[in-house]
Chemist: 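I am attaching a structure below and will ask some questions about it afterwards.
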Amino acid sequence: MRSPPGVGWVRIVSAGLGSQVEGGWIFVKVLVLNCGSSSLKYQLIDMSDETLLAKGLVERIGIHGSRIKHVKVGMDPVVKETDIPNHDVAVKLVIDALLDLHHGVLKDLSELSAAGHRVVHGGERFTSSVLVDQEVLKGIEEVIPLAPLHNPANLMGIKAVMNALPGLPNVAVFDTAFHQTMPPHAYMYGIPYEHYQVDRVRRYGFHGTSHFYVAHRVAQVMNRPVEQLKIVTCHLGNGSSITAVDGGKSVDTSLGYGTTEGILMGTRSGNLDPSVMIYLMEKYGDAKTVSDVVHKKSGVCGISGISSDMRDVEEAMEKGNERAKLAFDMLCYGIRKYIGAYAAAMGGLDAIVFTAGIGENSDLVREEVCKHLEFLGVKFDPSKNKVRGKEAELSAPDSRVKVFVIPTNEELVIARDTKELVLRG
Ligand code: AMP
């Protein structure tokens, strides 16, 4: 099964990721996969001590110019450009990379204990992670109408691993599962009840694995049981959502049926009066055009006219661009409104957590959001705010409500759930 050493790989010289810690293996190694329609992200984690061994990205699956980028922790990344027509070939390349003599991390496939898969939508059926069997595959397929872009790709990834590594246990971890604890008054829309019963239209929420991870991690950092805490978690990336986590459970979240509700995102609109959709559809004639508007042309990109990337927008704002400033203000105002609303929903607030690309890196967004929250008991300390991508407390010691940056780690949650379910059997 092994690739000849170094064949077809190009070395990329960079700083590398860190050093691999050797540990005794008991369970042990979990392959974590996150499949999109044309991409596949992977990590190999040693679950005896939760060490990341390798990670990578297969890009442009089924498209001209496909390639795999692989990183063995502690070494420079390597890239192989090759024809990758489908997910079966992509998974085989990942296995080859993991077994490669030079930049591989497995001597033998028997070291692999299980694979954990990110699945975007679990509907109302999947309220927690599950071991994959034929029934589960059918269940994920049944939810495709709720996530037509994501679930088919997630399924392709699971099936590709089943084909390439028969007998290896697979676990599905759902983005929506954490939010299944929302009460009906939070997840229902005010439209006729039949649309819930017949069409399954309700709020589901997304980024659940990330909200779960940072809420539990911040409780550890605060040295308090998560069951005693009221936390607002702000996952701010290309796609963003804010969640009210009361006693460790999601009780409300800003993304709903699909992925456009809530705050302004990279290219998605956030909250919109349905009348706007109706007006635009009547004027421009079809749902597809308006769907493109709210999913791909709106948000920070649509308002600023510059970019969906917050770094570009912040740079333009600092040079005096007014529309960039408007996009920034709309984003921060939206986040602040949700924090206030969720403090009211939970009847209190102990901590605010920022995570994902913008949350972990943008000191400007964090400051603009928090400096207006003093009335809630937030004493923000700007001198602690110049952090990027690291765990940090941003609030003053006497702040009643604590503010933290917690880098998210969805892959670790997937690997932990995978280990637990496989060991449980
Ligand atoms: P994610 O979807 O979590 O990967 O987040 C991606 C987004 O994070 C990018 O589109 C950027 O807008 C944002 N981001 C990353 N680094 C920074 C930074 N240094 N400052 C502001 N925004 C950033």
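First listed ligand is number 1; within each ligand, the first listed atom is number 1. If you're wondering where the values come from, they're calculated on a predicted model, not measured in any experiment.
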Chemist: Looking at CZ of R203 and OG1 of T253, how far apart are the two atoms once the value is rounded to the nearest 0.5 Å?
Modeler: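 Between atom CZ of R203 and atom OG1 of T253 there are 7.0 Å.
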Chemist: Quick check on contacts: which atoms of ligand 1 are under 4.0 angstrom from a heavy atom of G237?
Modeler: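 Once the distances to G237 are compared, the set is 1 (P), 2 (O), 3 (O), 5 (O).
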Chemist: For this output row, return yes or no: ring centroids of H121 and F206 closer than 6.0 angstrom.
Modeler: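 Yes, close enough.
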Chemist: Among all protein non-hydrogen atoms, which one is nearest to atom 10 (O) of ligand 1, and what is the separation to 0.1 Å?
Modeler: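 Protein heavy atom with the smallest distance to atom 10 (O) of ligand 1: N238 OD1, 3.0 Å.
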Chemist: Nearest to atom 11 (C) of ligand 1, what protein heavy atom do you find, and at what distance?
Modeler: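 Answer for atom 11 (C) of ligand 1: D309 OD1, 3.3 Å.
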Chemist: Pick out which of H150, R118, H207 makes a side-chain hydrogen bond (donor to acceptor under 3.5 Å, both in side chains) with D175.
Modeler: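 Among the candidates, only R118 passes.
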Chemist: Answer yes or no: does an N/O atom from M310 fall short of 3.5 Å to an N/O atom of ligand 1?
Modeler: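 The answer is yes, given that M310 and ligand 1 share an N or O pair closer than 3.5 Å.
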Chemist: Any side-chain heavy-atom pair from F404 and M222 closer than 4.5 angstrom?
Modeler: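 In short, these two side chains touch, coming nearer than 4.5 Å.
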Chemist: Just jot down the ligand 1 atoms closer than 4.0 angstrom to any heavy atom of I358, in number order.
Modeler: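 That gives atoms 8 (O), 12 (O), 13 (C) of ligand 1.
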Chemist: Hey, is ligand 1 close enough to G357 that some N/O pair sits below 3.5 Å?
Modeler: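 Such a contact does occur with ligand 1.
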Chemist: Just checking, R202 and Y204: is the charged tip under 6.0 Å from the six-membered ring centre and within 45° of the axis?
Modeler: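 Verdict for Y204: a cation-pi partner in R202.
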Chemist: Please list the nearest protein heavy atom to atom 23 (C) of ligand 1 with its residue and the distance rounded to 0.1 Å.
Modeler: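 Going by distance alone, atom 23 (C) of ligand 1 is nearest to R311 CG, 3.7 Å.
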Chemist: Considering the heavy atoms of S362, write down every atom of ligand 1 situated less than 4.0 Å from one of them.
Modeler: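 Going through ligand 1 atom by atom, the ones under 4.0 Å from S362 are 21 (C).
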Chemist: Checking K230 against D350 for the salt bridge (Lys or Arg N to Asp or Glu O under 4.0 Å) test, could you report, in this order, the C-alpha distance in whole Å, the side-chain angles of both residues, the deciding distance, and whether it holds?
Modeler: CA-CA 5 Å; K230 296 178 189 299; D350 297 299; over 6 Å; no
Chemist: Any atoms of ligand 1 less than 4.0 Å from a non-hydrogen atom of R388? List them with their elements.
Modeler: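 So the atoms of ligand 1 that pass are 19 (N).
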Chemist: Name the residue from L394, D363, N361 that meets the side chain to side chain contact (heavy atoms under 4.5 Å, CB included) definition with V387.
Modeler: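 Option passing the side chain to side chain contact (heavy atoms under 4.5 Å, CB included) with V387: L394.
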Chemist: Could you tell me whether atom 4 (O) of ligand 1 has at least one protein heavy atom nearer than 4.0 Å?
Modeler: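 Under 4.0 Å from atom 4 (O) of ligand 1, zero protein heavy atoms found.
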